[in-house]
Amino acid sequence: MDCLYGSSLSFFSLLVFLCIIISSSSQLAQAFNLNTISFDEGYSHLFGDSNLVRSPDGRGVRLLLDRFTGSGFISSSMYNHGFFSANIKLPSDYTAGVVVAFYTSNGDVFEKTHDELDIEFLGDITGKPWRFQTNLYGNGSTSRGREERYHMWFDPTKDFHRYSILWTSKSIIFFVDEVPIREVVRSEEMGSDFPAKPMSLYATIWDASTWATSGGKYKVNYKYAPFVAEFKDLVLDGCSVDPIQEFPSAVCSAIDLQIESNEYSVVTPEQRAAMRRFRQRYMYYSYCYDTLRYPLPPPECVIVPSEKFRFKETGRLKFGGSHKSHKRRSRRRSQTPVVVLDNDD
């Protein structure tokens with residue numbers, strides 16, 4: 001079954017975990033009363049010419065990467081907080097060097113003080129599963145990256161799975177199939193590192209051969225092109241704003257309150273337990289436990305002793321991981337530096 005994909009757990013442990021995740025997902029899905037929109041209702045072509053292909057019903061798109069270019073789309077408006085979501089299916093077979101990104105950013109407007117929330121999928125050689133990472137920047141704090149990296153409990157190339165970013169004035173939550181996998185709670189100590197300016201939603205596929213797979217050891221092989229990422233069931237919940245507007249309108253303040261009162265904005269005890277189980281089994285790097293990089297953990301880090309025990313001082317797993325070193329690289333799609341975990345398996 002696909003749920004066994006890429007996992008080193010025992011068969012029995014996997015079955016127990018998957019039963020819990022499936023149960024939690026079912027409960028969460030009921031809470032996620034989402035209004036999907038067509039592509040033209042909320043998005044526009046960003047780059048890639050003919051490498052963005054709309055679905056016949058206009059409610060989804062395919063993004064292609066070939067030897068000439070990648071491709072991407074952007075929301076037609078910028079949002080001051082919101083819930084951003086899509087069902088995504090990733091390319092299969094050899095995908096080393098390929099990155100598919102679903103993220104919010106305002107780097108085009110605030111070049112030196114930009115904010116960003118990332119979900120980035122990292123391809124690999126044939127036979128090895130996709131991995132993904134989440135990250136956030138506030139007010140241009142690119143020197144203080146907050147990366148976490150994970151394996152998946154399913155094959156993301158076989159079927160569509162929903163990936164979501166919730167951003168409010170109080171917290172940020174990343175979701176996979178309605179299961180919360182990471183929560184960042186805003187604190188005074190974070191200051192301007194917490195994203196606070198209006199952002200657009202982006203989705204892209206591009207060649208990141210210099211860093212994405214084993215620190216650049218494996219490159220994109222265009223013999224397998226085109227690489228195709230599919231997006232459908234698109235969701236943009238939020239209030240569109242002028243990026244240079246100094247104060248939010250009363251309408252946007254009301255929409256913010258509505259989003260914050262939605263059930264997906266409240267992590268229940270059951271959801272928190274599902275998040276903890278995911279992080280225990282599938283998170284293989286956390287900046288919070290990278291004491292070489294951050295001798296004093298950043299203020300938003302919640303150090304869990306039982307979780308900390310599993311990680312080396314490099315922030316990588318003591319057991320079951322082969323992540324030996326990290327280097328700082330740059331992403332072609334922006335000037336944001338990325339800490340690369342070399343020799344990822």
*Asks:* Checking the side chain of S200 only, and the main-chain atoms of S75 only, is there a donor and an acceptor separated by less than 3.5 Å?
*Replies:* no
*Asks:* Any chance the side chains of N139 and S141 put a donor and an acceptor closer than 3.5 Å?
*Replies:*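 The criterion, which ignores hydrogens and geometry beyond distance, is not satisfied for S141 and N139.
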*Asks:* Which pair of heavy atoms, one from R182 and one from M275, lies closest together, and at what distance?
*Replies:* N-SD, 3.6 Å
*Asks:* Is a donor on one side and an acceptor on the other found under 3.5 Å between the side chain of N106 and the backbone of D115?
*Replies:*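 Looks like yes, one N/O pair under 3.5 Å.
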*Asks:* Do R149 and L122 touch side chain to side chain, with heavy atoms closer than 4.5 Å?
*Replies:*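 R149 reaches L122 side chain to side chain.
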*Asks:* Ignoring hydrogens, what is the shortest heavy-atom contact between R131 and D124? Give both atom names and the distance.
*Replies:*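 For R131 versus D124, the nearest heavy atoms are NE-OD2, 3.7 Å.
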*Asks:* Please check if the number of heavy atoms outside E111 that lie under 6.0 Å from its CD is greater than 12.
*Replies:*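 Incorrect, the count does not exceed 12.
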*Asks:* What is the ring orientation for Y287 with Y294, classed by angle as parallel under 30°, tilted 30 to 60°, or perpendicular over 60°?
*Replies:* perpendicular
*Asks:* Identify the heavy atoms of L292 and P295 that sit nearest to each other, and give their distance.
*Replies:*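 The pair with the smallest heavy-atom distance is O-CD, 4.4 Å.
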*Asks:* Tell me whether L234 is reachable from M78 by hopping between hydrophobic residues (I, L, V, M, F, W, Y) whose side-chain heavy atoms are closer than 4.5 Å.
*Replies:*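 No, M78 does not connect to L234 through the hydrophobic network.
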*Asks:* Can you tell me how far apart OH (Y285) and CG (D290) are? Round to the nearest 0.5 Å.
*Replies:*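 Rounded to the nearest 0.5 Å, the OH-CG separation comes to 3.5 Å.
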*Asks:* Can you check whether W153's main-chain N or O pairs, donor with acceptor, with H151's side chain at less than 3.5 Å?
*Replies:* no
*Asks:* Provide the closest heavy-atom pair for S85 versus R162 in the form atom of the first, atom of the second, distance.
*Replies:* OG-NH1, 2.6 Å
*Asks:* If you group Ile, Leu, Val, Met, Phe, Trp and Tyr by side-chain heavy-atom gaps below 4.5 Å, do F154 and F160 land in one group?
*Replies:* no
*Asks:* Compare all side-chain heavy atoms of V176 with those of F132 and state whether any distance is below 4.5 angstrom.
*Replies:*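 In short, these two side chains touch, coming nearer than 4.5 Å.
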*Asks:* Do you know which two heavy atoms are closest between K308 and I303, and how far apart they sit?
*Replies:* CD-CG2, 3.8 Å
*Asks:* I need the F174 CZ to D118 CG distance, nearest 0.5 Å.
*Replies:* 7.0 Å
*Asks:* Got a donor-acceptor contact below 3.5 angstrom from the S71 side chain to the N51 backbone?
*Replies:* yes
*Asks:* If you define the side chain from C-beta out and look only at heavy atoms, does anything of F73 sit under 4.5 Å from S44?
*Replies:* no
*Asks:* Excluding sequence neighbours, so at least two apart, what forms salt bridge (Lys or Arg N to Asp or Glu O under 4.0 Å) with D40?
*Replies:*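 D40 satisfies salt bridge (Lys or Arg N to Asp or Glu O under 4.0 Å) with R54 only.
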*Asks:* Less than 4.5 Å apart, side chain to side chain, heavy atoms only: is that true for P198 and V241?
*Replies:*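 Yes; the side chains approach each other to less than 4.5 Å.
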*Asks:* Check whether more than 12 heavy atoms from other residues, nucleotides or ligands sit under 6.0 Å from atom CG of D49, and answer yes or no.
*Replies:* no
*Asks:* Are Y284 and Y289 co-members of a hydrophobic cluster defined by side-chain heavy atoms under 4.5 Å apart?
*Replies:* yes
*Asks:* First locate atom OH of Y150, then atom CZ of R279, and finally report the distance between them rounded to the nearest 0.5 Å.
*Replies:*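 Here the rounded value is 5.5 Å.
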*Asks:* Say whether, by atom type as modelled, one donor and one acceptor occur between the side chain of W167 and the main chain of P195 under 3.5 angstrom.
*Replies:*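 Yes.
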*Asks:* So, taking the atom named NZ in K158 and the one named CG in L90, what distance separates them when rounded to the nearest 0.5 Å?
*Replies:* 13.0 Å
*Asks:* Do W130 and V100 make a side-chain contact, defined as non-hydrogen atoms from C-beta onward lying under 4.5 Å apart?
*Replies:*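 When only atoms from C-beta onward are counted, V100 and W130 do touch, with a gap below 4.5 Å.
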*Asks:* Among the clusters formed by ILVMFWY side chains lying less than 4.5 Å apart, do I125 and F121 turn up in the same one?
*Replies:* yes
*Asks:* Could you walk me through whether L52 and L63 satisfy the side chain to side chain contact (heavy atoms under 4.5 Å, CB included) test, starting with their C-alpha distance in whole Å, then the side-chain angles of each, then the deciding distance to 0.1 Å, before giving a yes or no?
*Replies:* CA-CA 5 Å; L52 185 150; L63 296 182; 3.7 Å; yes
*Asks:* Before you tell me yes or no, could you show the steps for Y94 and V220 under side chain to side chain contact (heavy atoms under 4.5 Å, CB included), namely the whole-Å CA-CA distance, both residues' side-chain angles and the distance that decides it to 0.1 Å?
*Replies:* CA-CA 8 Å; Y94 183 100; V220 173; over 6 Å; no
*Asks:* Look at the side chain of S55 and the backbone N and O of G60, then say whether any donor-acceptor pair between them is shorter than 3.5 Å.
*Replies:*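 Confirmed, S55 side chain pairs with G60 backbone.
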*Asks:* Side chain of K318, backbone of F309: donor and acceptor closer than 3.5 Å?
*Replies:*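 Yes; judged by distance alone, with no hydrogens or angles, the pair exists.
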*Asks:* Is there a donor-acceptor pair under 3.5 Å between the side chain of N262 and the backbone N or O of Y264?
*Replies:* yes
*Asks:* Q271 versus V266: any side-chain heavy-atom pair under 4.5 Å?
*Replies:*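 Heavy-atom side-chain distance check fails, nothing below 4.5 Å.
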*Asks:* Checking side chain to side chain contact (heavy atoms under 4.5 Å, CB included) for the pair E120/N135: CA distance, chi angles, key distance, verdict?
*Replies:* CA-CA 8 Å; E120 291 182 312; N135 203 353; 5.8 Å; no
*Asks:* R59: which residues meet the salt bridge (Lys or Arg N to Asp or Glu O under 4.0 Å) condition with it, sequence neighbours left out?
*Replies:*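 Applying salt bridge (Lys or Arg N to Asp or Glu O under 4.0 Å) to R59 gives none.
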*Asks:* Would you indicate whether the side-chain heavy atoms of L236 and F84 approach each other to under 4.5 Å?
*Replies:* yes
*Asks:* Given the side-chain rings of Y103 and Y202, with only the six-membered ring counted for Trp, is the space between their centroids under 6.0 Å?
*Replies:*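 Close enough - the centres of the two rings lie under 6.0 Å apart.
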*Asks:* Check whether any side-chain N or O of T213 sits under 3.5 Å from a backbone N or O of A96 as a donor-acceptor pair, and report yes or no.
*Replies:*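 No.
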*Asks:* Is Y218 reachable from I205 through a run of I, L, V, M, F, W or Y residues, each pair having side-chain heavy atoms under 4.5 Å apart?
*Replies:* yes
*Asks:* Considering all heavy atoms of both residues, which atom of I259 and which atom of S265 are nearest to each other, and what is their separation?
*Replies:* O-OG, 2.6 Å
*Asks:* Supply the atom-to-atom distance Y222 OH to S209 OG, rounded to the nearest 0.5 angstrom.
*Replies:*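 Taking OH in Y222 and OG in S209, the distance rounds to 6.0 Å.
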*Asks:* Do the charged groups of E183 and R272 touch, with an N to O distance under 4.0 Å?
*Replies:* yes
*Asks:* Yes or no on side chain to side chain contact (heavy atoms under 4.5 Å, CB included) for F231 and N87, after CA distance, side-chain angles and deciding distance?
*Replies:* CA-CA 6 Å; F231 296 76; N87 270 323; over 6 Å; no
*Asks:* What distance do R146 atom CZ and M190 atom CE have between them, rounded to the nearest 0.5 Å?
*Replies:* 4.5 Å
*Asks:* With a 3.5 Å distance limit and no angle check, can you tell me whether K170 reaches the backbone of E260 through a side-chain donor-acceptor pair?
*Replies:* no
